[in-house]
Amino acid sequence: MAQRYVIVGTGAAGIAAAETIRGLDPGSDILVVGEEPHGYYSRPGLAYYLTGELPERMVFPFAQQDFERLRLRRLHARVVALRPQAHEVTLDDGRRLPYDRLLLATGSLAAMPPLPGVDLEGVVKLDDLADARQILSRCRRRPAAVVVGGGITALELVEGLRACRVHTHYFLRGERYWGNVLDETESRIVEHRLQQEGIPLHYHTELAEIVGSRGRVAGVLTQDGRRIDCELVAIAIGVRPRMELAGEAGLAAERGILVNEYLQTSAPDVFAAGDVAQVLDPLSGKAVLDTLWSTAVPQGRVAGQNMAGQATPYRKSVPCNVTRLAGLTTTIIGTVGQGRDNDLIGIARGDSETWRQLPDALVAQNAFDVNRLRVLVAESRLLGAVVMGDQTLSLPLYRLIAHQADITPIRERLLQPSARLGDLIAGFWSDWTEHHAAP
Ligand SMILES: Cc1cc2nc3c(=O)[nH]c(=O)nc-3n(C[C@H](O)[C@H](O)[C@H](O)COP(=O)(O)OP(=O)(O)OC[C@H]3O[C@@H](n4cnc5c(N)ncnc54)[C@H](O)[C@@H]3O)c2cc1C
């Protein structure tokens, strides 16, 4: 009899799993259930949609023919319960769906602060296409806006609002931006660029209340008693994995659903992948969360392989994100920071807990104008890097870090105070590639 696969979530992990299963089990029945009305699209692309750089149609990586080619049955519905023992899920309309293998790829949702006024019309977040559309529609009236939070999404909101010519204030609870991933110089580069763009940054500023008038945002009050009038408040204080189904079904979970190296949860025949999965990091021996597209896809693929009967371990790769911070292309690779960020309640979007597990490492850094390079140097290898501006070394650094290349020949020179990091790494990369046929 044909295997019945049910995948909950039509995001990067869910679709990657479905594609993989179809390749391995051509005769199977694959049902993809998602509550998202717009189906499958690139969430990172939403930032560029907000700034007007990407038309809406370009955020959809799949066309109708792709779903037909893969013979995926799609159901627009919300799964409200999971009964692992009975091997079935329940939909919001009461229907029960049996499965042989189930994938939970339910992603994450923006956390909202428990503040007075947070439910007012005009308080927005950036989780999905509907949010992005709503922000763009509100921007037509050119409201004044306040952005609260940290990480990539807060900046994407600031930049999106600025592109709509909305006067935007940015509140930071601490003294610098994204302090647990960026170092002080990198934070200051980003902040300086925001200020140059005319964004008022309010340091040590915390929201006390969102003030409303007739159900709509009219302003904010800060904890130190200031009031700023505005009609839009955008919140980006972090995300929470969507664990409702797993929690009620009694699956093992911490900050996300705990999975073993095959991405199996504690329940038989139930797998998890993507933002919702808390996955073992062999480097640290800890189970960590990643909220990265580039992690969700390979996790979905490995989960799909294992759901289709293989026993493929998931090898967590070095987390990497190429993003834009205040217009400056920035690549973050491996372990680069530590500590807490006062602007975030936990993990943000496009983030990795691995970035913050800074073990014993020395820092080498160079800066020229807005181009900045920081590498984390351990005993004989590089652990992480932040490349801002000029991206020539991003890929070489990613490969050297991912392959744990032995950098002993240049280690001491890298750590010299006046070291020309770019030249040293480029030279080492060139030698290294000669001895590694397919780096
Ligand atoms: C604005 C923004 C910017 C980002 N920027 C970056 C970036 O620069 N770099 C990067 O690598 N990553 C970035 N990300 C993160 C990246 O998009 C996510 O890590 C990735 O989409 C996770 O994929 P996923 O499949 O786990 O979850 P999602 O893509 O969130 O998909 C989960 C799906 O499950 C559905 N669902 C949840 N519960 C149920 C239920 N009970 N029943 C039915 N359906 C359900 C949801 O509706 C959703 O469609 C960004 C995300 C956003 C929103």
Side-chain angles (χ1 to χ4, degrees), residues 6-18 31-51 54 59 61 74-82 89-93 97 102-110 124-132 135 149 151-157 159-160 234 236 238-249 256-257 263 272-279 289-301 303-304 319-325 329-333 347-352 355:
V6 172
I7 293 171
V8 188
T10 52
I15 298 299
L31 175 64
V32 189
V33 190
E35 64 171 357
E36 165 68 59
H38 305 292
Y40 174 44
Y41 53 87
S42 160
R43 287 176 202 269
L46 295 178
Y48 300 89
Y49 170 56
L50 261 193
T51 55
L54 210 60
V59 302
R74 286 190 293 160
L75 200 56
H76 177 210
R78 182 169 152 75
V79 176
V80 293
L82 158 63
V89 292
T90 309
L91 303 182
D92 47 0
D93 62 7
L97 303 176
L102 177 80
L103 177 67
L104 296 174
T106 47
S108 55
L109 278 183
V124 296
K125 59 187 175 57
L126 184 56
D127 273 339
D128 52 33
L129 184 55
D131 292 335
I135 293 169
I152 293 172
T153 313
L155 276 201
E156 289 173 342
L157 284 161
E159 295 278 295
V239 293
R240 293 208 171 92
R242 299 191 60 177
M243 299 196 293
E244 315 91 82
L245 290 173
E248 279 167 28
I257 303 173
L263 303 183
D275 283 6
V276 79
Q278 191 178 332
V279 180
L289 294 174
D290 286 329
T291 47
L292 292 165
W293 185 274
S294 55
T295 304
V297 170
Q299 282 184 8
R301 287 194 191 122
C320 174
N321 194 4
V322 186
T323 187
R324 236 179 25 185
L325 301 177
T329 305
T330 302
T331 303
I332 305 168
I333 311 161
I347 197 160
R349 296 235 184 246
D351 194 357
S352 170
W355 288 342

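Please read these numbers as outputs of a predicted model, since none were measured by experiment. Order of listing sets the numbers, starting from 1, for every ligand and every atom in it. Numbers for residues simply follow the sequence, beginning at 1.
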Is there a polar contact between ligand 1 and E35, counting only N or O atoms under 3.5 Å apart? yes
Under 3.5 Å between some N or O of ligand 1 and some N or O of V79? yes
Closest protein heavy atom to atom 15 (C) of ligand 1, given as residue, atom name and distance to 0.1 Å: T291 O, 3.4 Å
Show the nearest heavy-atom pair for residues L292 and P319, with the distance to one decimal. CD1-CB, 3.8 Å
Identify which of R43, H76, M243 has a heavy atom lying nearest to atom 2 (C) of ligand 1. R43
Once you restrict to heavy atoms under 4.0 Å, what part of E156 touches ligand 1? Side chain, backbone, both or neither. side chain
Is S42 touching ligand 1 with its side chain, its backbone, both, or neither, if touching means heavy atoms under 4.0 Å apart? neither
How does N321 reach ligand 1, by side chain, by backbone, by both or by neither, if only non-hydrogen atoms under 4.0 Å count? side chain
Within reach of ligand 1, part of A105 (heavy-atom separation under 4.0 Å): backbone
Going by the 4.0 angstrom heavy-atom rule, the piece of L245 near ligand 1 is side chain
Is the side chain of T10 donor-acceptor paired with the backbone N or O of Y40 at a distance under 3.5 Å, no angle test? no
Close approach, G300 and ligand 1, non-hydrogen under 4.0 angstrom: no
